[in-house]
Number of protein chains: 2
Amino acid sequence: MDRNHALAAFAALSQPTRLDVFRLLLRAGVNGMAAGEIADALDVKQNTMSANLAVLHQAGLVRNQREGRSIRYFADLDGTRGLLGFLMEDCCGGNPDLCQPVISSIACAS
Amino acid sequence: MDRNHALAAFAALSQPTRLDVFRLLLRAGVNGMAAGEIADALDVKQNTMSANLAVLHQAGLVRNQREGRSIRYFADLDGTRGLLGFLMEDCCGGNPDLCQPVISSIACAS
DNA sequence: CCATCATATCAATAATTCATGATTTATGGA
DNA sequence: TCCATAAATCATGAATTATTGATATGATGG
């Protein structure tokens with residue numbers, strides 16, 4: 001993850017529909033959702049959703065996979081990890097004592 | 001951190017200068033940097049930087065504090081934690097097994 | 001093949017965002 | 001009080017981004 005990838009990812013997440021899509025796909029987990037399902041779930045027109053999915057894909061935040069006539073989308077956790085790592089690396093490198101509480105507070109309460 | 005705050009934060013980080021500022025302030029740690037220092041360090045005009053700092057502040061990503069004639073800026077780690085937590089909460093809630101690797105991979109290598 | 005369904009791409013307009021010169025506000029020193 | 005410094009605000013033009021109707025591509029079943 002370099003600076004330009006990070007910029008693209010943040011831009012992707014700065015739009016309401018796209019943020020909703022990403023969180024929806026996080027919830028969907030390994031099942032993912034077909035493009036049309038996503039559009040229906042969020043009440044967004046098909047071509048608008050297609051464009052927004054393309055932005056998320058380009059940004060490395062979602063993956064997709066053709067499945068018959070549909071294309072199924074998944075949250076890309078590798079890309080997500082890269083983004084968060086990029087954001088926090090400076091903090092962790094220079095000031096781990098300050099950074100650690102940020103990390104630990106978002107750990108899954110398993 | 002609600003959806004609108006998260007959108008504002010992602011929008012703030014989606015602009016090159018602002019991303020650079022945020023990372024610079026993470027590196028600066030508790031010392032922070034004066035607004036003018038930041039503008040000089042990144043070779044950005046004073047009023048442009050002022051506007052960008054205002055966006056980051058509004059988004060809850062930086063704090064500031066007047067210090068004589070200068071205003072000193074700091075990365076706001078509470079705001080940052082809120083943002084990351086918001087982004088990952090759905091994943092953690094429904095799919096902690098998938099989410100955990102994302103979290104642990106960004107932990108500080110102390 | 002042909003019809004249909006699912007998704008992507010295109011073209012055009014509307015809306016938002018950005019950078020900047022000029023100006024204003026706030027602070028501190030003489 | 002007057003001046004100098006530091007930062008914020010304002011107004012404007014340029015560039016980017018979003019949405020949408022129309023159309024194209026790709027896959028499946030008959």
Side-chain angles (χ1 to χ4, degrees), chain A residues 3-25 28 31-76, chain B residues 3-25 28 31-76:
Chain A
R3 177 169 171 273
N4 284 338
H5 276 85
L7 285 167
F10 287 128
L13 293 173
S14 71
Q15 202 277 339
T17 297
R18 290 194 299 256
L19 181 58
D20 290 344
V21 169
F22 183 67
R23 301 213 303 148
L24 188 61
L25 290 177
N31 300 316
M33 290 177 71
E37 281 185 277
I38 299 171
D40 288 349
L42 298 180
D43 195 24
V44 169
K45 292 198 186 306
Q46 179 268 322
N47 57 352
T48 298
M49 182 55 75
S50 177
N52 281 322
L53 286 169
V55 172
L56 285 165
H57 185 255
Q58 175 73 23
L61 293 168
V62 305
R63 294 180 293 112
N64 62 39
Q65 175 182 317
R66 181 169 281 278
E67 197 169 272
R69 303 193 220 200
S70 299
I71 297 183
R72 184 162 292 270
Y73 281 83
F74 307 86
D76 185 333
Chain B
R3 177 169 171 273
N4 284 338
H5 276 85
L7 285 168
F10 288 127
L13 294 173
S14 71
Q15 201 278 337
T17 297
R18 290 194 299 257
L19 181 59
D20 289 344
V21 169
F22 183 67
R23 301 214 303 150
L24 187 62
L25 290 177
N31 300 315
M33 290 176 72
E37 280 185 276
I38 300 171
D40 288 348
L42 298 180
D43 194 26
V44 170
K45 293 197 186 305
Q46 178 268 323
N47 57 353
T48 298
M49 182 55 74
S50 178
N52 281 321
L53 287 169
V55 172
L56 285 164
H57 184 255
Q58 176 72 23
L61 292 168
V62 305
R63 295 180 293 112
N64 63 38
Q65 175 182 317
R66 180 169 279 278
E67 197 170 272
R69 303 192 219 199
S70 298
I71 297 183
R72 185 163 292 269
Y73 281 82
F74 308 84
D76 187 333

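Quick note on labels: first sequence line is chain A, next is B, and so on, each numbered from 1.
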Legend entry - Closest nucleotide among dT20(C), dT9(D), dT20(D) to the T48(A) side chain: dT20(D)

Inset, instruction - Using five pairs at either end of the helix from dC1(C)-dG30(D) to dA30(C)-dT1(D), determine the angle between the two local helix axes and round it to 10 degrees. - result: 30°

Inset, instruction - Run the numbers on N52(A) and V21(A) for side chain to side chain contact (heavy atoms under 4.5 Å, CB included), then give the verdict. - result: CA-CA 9 Å; N52(A) 281 322; V21(A) 169; 5.7 Å; no

Inset, instruction - Round to a whole Å and report the spacing from NZ of K45(A) to C1' of dT7(C). - result: 16 Å

Inset, instruction - Would you tell me if any nitrogen or oxygen in the side chain of Q15(A) comes within less than 4.0 Å of OP1 or OP2 on dT16(C)? - result: no

Legend entry - Side-chain N or O of Y73(B) closer than 4.0 Å to phosphate OP1/OP2 of dA6(D): no

Inset, instruction - With heavy atoms under 4.0 Å as the rule, sort A34(B) into base, sugar-phosphate or nothing. - result: sugar-phosphate

Legend entry - Whole-Å distance separating the CE atom of M49(A) from the P atom of dT20(D): 11 Å

Legend entry - Integer-rounded Å distance: dA27(D) C1' and Q65(A) CD: 16 Å

Inset, instruction - Let me know, please, whether R69(B) or R66(A) comes out on the 5' side of the other along DNA chain D by nearest nucleotide. - result: R69(B)

Legend entry - Point-to-point distance, once rounded to the nearest 0.5 Å, from CG of D20(B) to CG of L7(A): 7.5 Å

Legend entry - Rounded distance (Å) that lies between atom P of dA8(C) and atom CG of N52(A): 11 Å

Inset, instruction - By nearest nucleotide on DNA chain C, pick out whichever of S70(A) and A54(A) is the more 5' one. - result: S70(A)

Inset, instruction - Grab the CG-P distance between N47(B) and dG21(C) for me, whole Å please. - result: 7 Å

Legend entry - Distance in angstrom units between R72(A) CZ and dA6(C) C1', rounded: 13 Å

Inset, instruction - Establish whether the base of dA8(D) is bridged to the side chain of Q46(B) by a donor-acceptor pair shorter than 3.5 Å. - result: yes

Inset, instruction - Find the distance L53(A):CG to dT19(D):P and express it as a whole number of Å. - result: 12 Å

Legend entry - Upstream residue (5' side of DNA chain D) when R18(A) and G36(B) are each assigned their closest nucleotide: G36(B)

Inset, instruction - Whole angstrom is fine here: how far is it from CD1 in I38(A) over to P in dA8(C)? - result: 9 Å

Legend entry - Short side-chain N/O contact to dA8(C) OP1/OP2 from S50(A), under 4.0 Å: yes

Legend entry - Full working for side chain to side chain contact (heavy atoms under 4.5 Å, CB included) between T48(A) and T17(A): CA-CA 10 Å; T48(A) 298; T17(A) 297; 5.9 Å; no

Inset, instruction - Kindly give the heavy-atom pair with the smallest separation between R63(B) and H57(B), and that separation in Å. - result: CA-CD2, 4.2 Å

Inset, instruction - Using atom types as modelled and distance alone, determine if a side-chain donor or acceptor of S50(A) lies under 3.5 Å from a backbone N or O of N47(A). - result: no

Legend entry - R3(B) side chain vs H5(B) backbone, donor-acceptor pair below 3.5 Å: no

Inset, instruction - Might you work through the side chain to side chain contact (heavy atoms under 4.5 Å, CB included) test for L61(B) and L13(B), ending with a clear yes or no? - result: CA-CA 9 Å; L61(B) 292 168; L13(B) 294 173; 3.6 Å; yes

Inset, instruction - From the options dT19(D), dT7(C), dA8(D), select the nucleotide whose nearest atom is closest to the side chain of I71(A). - result: dT7(C)

Inset, instruction - Evaluate the side-chain proximity of L42(B) to L24(B): yes if any heavy-atom separation is below 4.5 Å, no if none is. - result: yes

